[in-house]
Amino acid sequence: MLLAHAMAGWFSWETGLVVFGLFVPVSLPPIRRYLVSFPAFHLLKNILPPMSETEREANDSGSVWWEAELFRGFPDWSLLLNSPKPNLSSTEQAFLDNETNTLCALIDDWQVNHKDKDLSQATWDYIKQHKFFGMVIPSEYGGLGFSELAHAAVVCRISSRSVTAAVTVMVPNSLGPAKLIKNYGTDAQKDYYLPRLARAEEIPGFALTAPAAGSDAGVVCKDKGVLGLKLNWEKRYITLAPVATLLGLAFHAFDPEHLLGDFGRLDLSVYALSELSGTCECD
C-alpha cells in the first residue's frame, strides 16, 4: 500500500521509506515487545502505587473463568460455547413463576416512586412472609437455600416491574449481613442471626465508608485499658436504613500509634455487626 501511494504521488519515496521503517519494527511482536511494551510496562510499574498485602491476597484468591481467554489474546471460543448452561432447580423455577410473579403484581411502581416513596405495606408483608430476604440463607437456618443463579433470576424478574423493589430484595441477599454471617460467622452467630434474618424478624442494612458519605476510618485506640476500634458513626446510611434492625458496617482500619505492633500501614478491612434499637437517621 505504501508503494502504491508513493507511485501515485501522494508522498515522496523518502517519506514512504521513513514510514515503512517505523511501521515494520512495531508490526513484529518480538521487536514491539522490546521497543514498546517492555518500556511502557516498566514506566507504568514505577508510576502506579505498590499492591498492598490485602489487595494481593484478594488478587490471588479464587480463579477466573472463561474471561481469562480474553486476556490471553487468543480466546478459545469453543470453551465458552461448550460450557454447560446453568439451570434453576424445580423449586427455584416454581418460586420464580409463582411467588415472584405474585410479588410483581402487587407493585405499583408509579405509586412507589412518585407518591408514597416506599413499597406498600402489602408488598412488605409479602416479601417477609415468603422469605425474599432469605433466599441465600441455607434451609437448615430457615432460609430458601437458593443458588446465586436463582437469586439473580428473581431480582431480574422483580426489576422488570420495579427497580426499587428489586434492590430492596437484592441487598439483604448480596451485601449482607446474612451472606457474610453464613460464610464467616461463628456457629453461635449463625444459629442466632440467620433464622431471624430468614424470617425477616431482623431487617439488615449495609454501610460502607466513603470519603464524602461515610464514617471516618476505624482507628485503633486504647481507652480505659481496653484495646479496640473507634468510629465516629457519622455515616450516610443508604440500604434499608429507615427499617434496618441489624447493621453490617465495613470500614478501613488504621493504627497510627502502632498499638497492634509496628506494621506501618495497617491494611485491614473490618466487618462489624451492630443491633440497632429505635430508628436510624438517614442523611
Side-chain angles (χ1 to χ4, degrees), residues 62 65 84-109 112 118-208 237-250 271 273-276 280:
W65 184 57
K85 179 183 177 182
N87 294 303
L88 300 176
S89 68
S90 58
T91 302
E92 293 168 342
Q93 187 66 54
F95 187 88
L96 182 66
D97 294 336
N98 295 288
E99 284 85 350
T100 306
N101 284 345
T102 301
L103 174 61
C104 289
L106 289 172
I107 302 168
D108 183 339
D109 197 47
V112 169
D118 192 5
L119 301 176
S120 68
Q121 188 59 50
T123 303
W124 276 111
D125 292 342
Y126 193 85
I127 287 173
K128 294 176 181 180
Q129 178 185 355
H130 292 276
K131 300 184 179 181
F132 278 86
F133 287 164
M135 286 191 289
V136 301
I137 296 176
S139 56
E140 58 264 34
Y141 295 104
L144 297 178
F146 282 177
S147 63
E148 296 297 345
L149 178 64
H151 170 213
V154 170
V155 171
C156 286
R157 180 71 58 84
I158 300 173
S159 66
S160 68
R161 181 71 175 181
S162 169
V163 173
T164 300
V167 173
T168 299
V169 170
M170 177 189 69
V171 169
N173 290 286
S174 55
L175 297 179
K179 197 169 185 178
L180 291 169
I181 296 174
K182 182 189 73 171
N183 292 335
Y184 306 108
T186 64
D187 290 338
Q189 288 174 327
K190 294 176 183 178
D191 292 338
Y192 179 77
Y193 285 112
L194 292 182
R196 296 172 65 84
L197 288 166
R199 295 190 300 265
E201 292 178 12
E202 300 283 2
I203 304 298
F206 188 70
L208 287 170
Y237 298 107
I238 300 172
T239 306
L240 300 179
V243 296
T245 61
L246 183 66
L247 174 68
L249 173 66
Y271 181 82
L273 284 172
S274 176
E275 293 191 54
L276 304 177
C280 178

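Sequence positions, counted from 1, serve as the residue numbers for this chain.
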Trainee: Hey, does the side chain of Arg161 reach the backbone of Ile107 with a donor-acceptor pair shorter than 3.5 angstrom?
Mentor: yes
Trainee: Heavy atoms only: give me the nearest Leu119-Ala165 pair and the separation to one decimal.
Mentor: CD2-CB, 3.9 Å
Trainee: I need the Leu144 CG to His151 NE2 distance, nearest 0.5 Å.
Mentor: 11.5 Å
Trainee: What pair of heavy atoms forms the shortest contact from Ala122 to Leu106, and how long is it?
Mentor: O-CD1, 4.2 Å
Trainee: Quick one: closest heavy-atom pair of Ser162 and Asp109, and the distance?
Mentor: OG-OD1, 2.8 Å
Trainee: Can you name the one residue among Ile203, Thr245, Ile181 that meets side chain to side chain contact (heavy atoms under 4.5 Å, CB included) with Leu197?
Mentor: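 Of the listed residues Ile203, Thr245, Ile181, the side chain to side chain contact (heavy atoms under 4.5 Å, CB included) partner of Leu197 is Ile181.
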Trainee: With the side chain counted from C-beta on, respond yes when Thr91 and Phe146 share a heavy-atom pair under 4.5 Å apart, and no when they do not.
Mentor: yes
Trainee: Does Lys179 have any salt bridge (Lys or Arg N to Asp or Glu O under 4.0 Å) partners at least two apart in sequence or in another chain, and if so, which?
Mentor: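 In terms of salt bridge (Lys or Arg N to Asp or Glu O under 4.0 Å), with neighbours along the sequence ignored, Lys179 is linked to Glu148.
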Trainee: With a 3.5 Å cut-off and sequence neighbours excluded, list the donor-acceptor pairs that the side chains of residues 124-136 form with protein atoms.
Mentor:
residue	atom	partner	partner atom	Å
Trp124	NE1	Asp118	OD1	3.1
Asp125	OD1	Gln121	NE2	2.8
Lys131	NZ	Gly142	O	2.8

Trainee: Could you tell me which non-hydrogen atom of Ala153 sits nearest to which non-hydrogen atom of Leu96, and how far apart they are?
Mentor: O-CD1, 3.6 Å
Trainee: Kindly indicate whether the side chain of Asn101, heavy atoms from C-beta on, has any atom under 4.5 Å from the side chain of Arg157.
Mentor: yes
Trainee: How would you list, by chain and number, every residue that makes a salt bridge (Lys or Arg N to Asp or Glu O under 4.0 Å) with Glu201, sequence neighbours excluded?
Mentor: Arg196, Arg199
Trainee: Looking at Pro177 and Leu246, what are the two nearest heavy atoms and their distance?
Mentor: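 Pro177 and Leu246 have their closest heavy atoms at CG-CD2, 3.9 Å.
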Trainee: Quick one: closest heavy-atom pair of Lys190 and Pro195, and the distance?
Mentor: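 For Lys190 versus Pro195, the nearest heavy atoms are O-CD, 3.3 Å.
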